[in-house]
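All residue numbers in this chain count up from 1 along the given sequence.
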Amino acid sequence: MKKKYDVIVVGGGHAGVEAACASARIGAKTALISHKKDKIGEMSCNPAIGGLGKGHLVREIDALDGIMGLAIDDSGIQFRMLNMSRGPAVRGPRAQADRNLYKNSIQKIIKNQKNLKIIEGSVEDLLIRDNRVYGVLTENTGEIFSESMVLTTGTFLRGLIRIGTKNYPAGRLGDKSSVNLAKTIESIGFSIGRLKTGTPPRILKKSINFNELQKQLGDKIPKPFSFINKNIHIKQIPCYITYTNKISHKIVSDNIHLSPMYSGQIESMGARYCPSIEDKIKKFASKTQHQIFLEPEGLNSEIIYPNGISTSLPEDVQASFVHSIKGLENAHILKPGYAIEYDYVNPLEIKHSLETKKIKNLFFAGQINGTTGYEEAAAQGLVAGINAAIKLTSRSSFIVDRSEGYIGVLIDDLVTKGTKEPYRMFTSRSEYRLTLRADNADQRLTPLGMQIGCISTKRKMIFKNKLKQLQEGFSLVKKYSISPNKLEKNGIMINHDGKKRSAFDLLSFENVSFNDVNNIWPETKIIKDDIREQIEIETQYAGYLDRQREDIIDFKREEELTLPKNLDYKTIGSLSNEIVEKLTLVRPPTLGAASRISGVTPAAIIALLRYVKKQKNYRAA
């Protein structure tokens, strides 16, 4: 009997589990195929979720009923809101995770997910006919068939680990790489490149002298990632901070020729914003020290992850420079740091839905598209899983606009600009940071999820209740008003212009707090803390938000001008050969997408706009 599914997801990493769960939530009969069942949900690099930009992605994943936020809430051992001294738009939630608790949480969620089957095995080949994927060939169980497929290969495609002059094939430490699948992808004709990532050595906890180090505590009241959680129940523990020094730098510099990155063995690009210790010392030679965060890998773990000293130097050199660091003089290295090179596909090969342009019903998500990081992978997996499922219906693709979420920014950047280095999300990549905040991700995206059917009944009820409370809260603070004279009698000084201001207006003043509003109008005390936060943010940025919303409306006018799928760009006479080549390769679906392709000039966009409008007017006539 043929093994047949609606959707097959290949790979059990962060992209894979989100894709599989999203597809299953939509209602598709889904199979998740992974090398080893017990490795599904593994945190293969650092034991943390979130951060600046990345935390926004996790909140958006959760708003669409994804699982990453739920898993980190179940396993987070230190929660911190980064950038608290700055505005709400650039604050980023981050949490240290207990590796085992995180993996256990993921596995529990997928085990209980309706419509989802877990299959252990290695995918050796894709089954393709007439440029359409229809299944996979596995090493253990033979052929498995499906209508559509999501490929989430992580660092496994021809993965090669390097430590000093040594190298060996591996998808990650302890797991074999995928060579046959990589050859298949190349044989199809996809544009293949190589990227690199790295990891630091792991250190035995009891060999560290923590008395010498700076303690880093988390937030006093941990704030959950998931919008459906109110509290964190996991024990919270500290991290520690230390620094490299001149001796450390000399050891690295004296041996840098032994690093495969500088000996010529590695030519692929690494993550610009997560450099190795070799890169830091080489490129920032004037700096006398670099910060290292000593992060526990779990509540009961004896392993410490020294975030900040990723390296591929020989093991003896790693030991020497680690021992030169304060607090680590007697550190015992459990696992050496290493670099890993792997294949990726130029993301210009995929559509905004994450379906490949060459093969129908085949979707790519995660590091195969040139990104780095758990959060970026999970965001893509979520979108790919949804689209793989709805591709089997008459519904149009699910696409998050870049004005609606960082998920949209991430995917739009990839498919219109491509990448030659591992792509990482930052808040600075968005034009609309004030509206795309971590705190309002549910208000932006949960309604979209409800429309396509990927939101659970429980989340719908929680969201609708919150929306009702928000509407009531805003109505309440806009209902009451007061004059400057009466306000002064309450001990608050503002402009004496005789103008009455509502409680909403007053909250925009720096010297007026919600407690002041409560004292003047006790009726407002019924507004809950999380709703208060939303109201305060809106009042602080009211003018800016209004302008940004107008910008989004203007942007959408441009964005929504669709370009014909079969448009022959050579017929637009004023376009250069280079621009014609880029537009033909990317095939942007809209004028807005075309405007963001690197090298496509404003003059070219105007020419394209005029041409398309002329063609549409001609057809209409």
**Message:** Could you tell me if Arg94 sits above the aromatic ring of Phe225, with its cationic atom closer than 6.0 Å to the ring centre and no more than 45 degrees from the axis?
**Reply:** no
**Item:** NZ (Lys39) with more than 12 external heavy atoms under 6.0 Å
**Value:** yes
**Prompt:** How are the rings of Tyr406 and His56 set to each other: parallel, tilted or perpendicular (split at 30° and 60°)?
**Reply:** perpendicular
**Message:** For the residue pair Ser456 / Asp65, report whether a side-chain donor-acceptor contact shorter than 3.5 Å exists.
**Reply:** yes
**Request:** Could you tell me whether Arg424 and Glu376 make a salt bridge, using a distance below 4.0 angstrom between a side-chain N and a carboxylate O?
**Result:** no
**Request:** Please determine if Lys215 forms a cation-pi arrangement with Tyr240, meaning its NZ or CZ atom is less than 6.0 Å from the six-membered ring centre and no more than 45° off the ring axis.
**Result:** no
**Asked** Would you call Glu297 and Lys205 a salt bridge, taking side-chain N to carboxylate O under 4.0 Å as the test?
**Response** no
**Prompt:** For Tyr423 and Thr372, what are the C-alpha separation, side-chain angles and deciding distance, and is it a side chain to side chain contact (heavy atoms under 4.5 Å, CB included)?
**Reply:** CA-CA 6 Å; Tyr423 178 102; Thr372 181; over 6 Å; no
**Asked** Does the distance from a Lys or Arg side-chain N to an Asp or Glu carboxylate O, for Glu472 and Lys528, drop under 4.0 Å?
**Response** no
**Message:** Assess the residue pair Gln548 and Thr435 against the criterion (side-chain hydrogen bond (donor to acceptor under 3.5 Å, both in side chains)); give the C-alpha distance rounded to whole Å, side-chain angles, the decisive distance to 0.1 Å, and a yes or no.
**Reply:** CA-CA 7 Å; Gln548 192 154 104; Thr435 52; 3.2 Å; yes
**Request:** Taking Thr152 for its side chain and Ala15 for its backbone only, find out whether a donor-acceptor pair lies under 3.5 Å.
**Result:** no
**Request:** Give a yes or no on whether the backbone of Lys29 and the side-chain of Asp6 come within a donor-acceptor separation of less than 3.5 Å.
**Result:** yes
**Prompt:** Between CG of Leu445 and CG of Leu64, what distance do you get to the nearest 0.5 Å?
**Reply:** 5.0 Å
**Asked** If we ignore angles and hydrogens, is there a donor and acceptor under 3.5 Å between the side chains of Asn46 and Asn307?
**Response** no
**Prompt:** With Ser513, which of Asp516, Asn511, Asn515 fulfils side-chain hydrogen bond (donor to acceptor under 3.5 Å, both in side chains)?
**Reply:** Asp516
**Request:** Could you tell me whether a side-chain N or O of Asp98 sits under 3.5 Å from a main-chain N or O of Leu299, the two making a donor and an acceptor?
**Result:** yes
**Request:** Decide, yes or no, whether a salt bridge links Glu42 with Lys103 under the criterion of side-chain N to carboxylate O below 4.0 Å.
**Result:** yes
**Message:** Does any part of the side chain of Gln214, heavy atoms only, come nearer than 4.5 Å to the side chain of Tyr243, both counted from C-beta?
**Reply:** yes
**Message:** Taking Arg596 first and then Asp413, would you say they form a salt bridge - that is, a charged N and a carboxylate O separated by under 4.0 Å?
**Reply:** no
**Request:** Determine whether the side chains of Asn387 and Ser353 contain a donor N or O and an acceptor N or O closer than 3.5 Å.
**Result:** no
**Item:** Steps toward side-chain hydrogen bond (donor to acceptor under 3.5 Å, both in side chains) verdict (Gln534, Asn440)
**Value:** CA-CA 8 Å; Gln534 295 287 286; Asn440 69 355; 5.8 Å; no
**Message:** Looking at Glu60 and Ala438, would you say the former's side chain and the latter's main chain have a donor-acceptor pair under 3.5 Å?
**Reply:** no
**Request:** For Gln380 and Glu18, test the side chains for any donor-to-acceptor distance below 3.5 angstrom and give the result as yes or no.
**Result:** no
**Message:** Quick test of your reading of the model: are Asp62 and Arg59 salt-bridged, counting only N-O distances below 4.0 Å?
**Reply:** no
**Prompt:** Have Asn518 and Thr524 got a donor and an acceptor in their side chains that come within less than 3.5 Å?
**Reply:** yes
**Asked** So, does Arg437 use its side chain to make a donor-acceptor pair with the main chain of Ala89 at under 3.5 Å?
**Response** no
**Message:** One pair to check against side-chain hydrogen bond (donor to acceptor under 3.5 Å, both in side chains): Ser403 and Asp401. What are the steps and the verdict?
**Reply:** CA-CA 5 Å; Ser403 66; Asp401 194 281; 2.8 Å; yes
**Item:** Results of side chain to side chain donor-acceptor pair (under 3.5 Å) for Asn465 - residues two or more places apart only
**Value:** none
**Request:** Determine, for Glu295 against Arg80, whether the closest basic-nitrogen to carboxylate-oxygen distance falls under 4.0 angstrom.
**Result:** no
**Asked** Among Leu476, Ile535, Leu507, which residue meets the side-chain contact (heavy atoms from CB on, under 4.5 Å) test with Val517?
**Response** Leu507
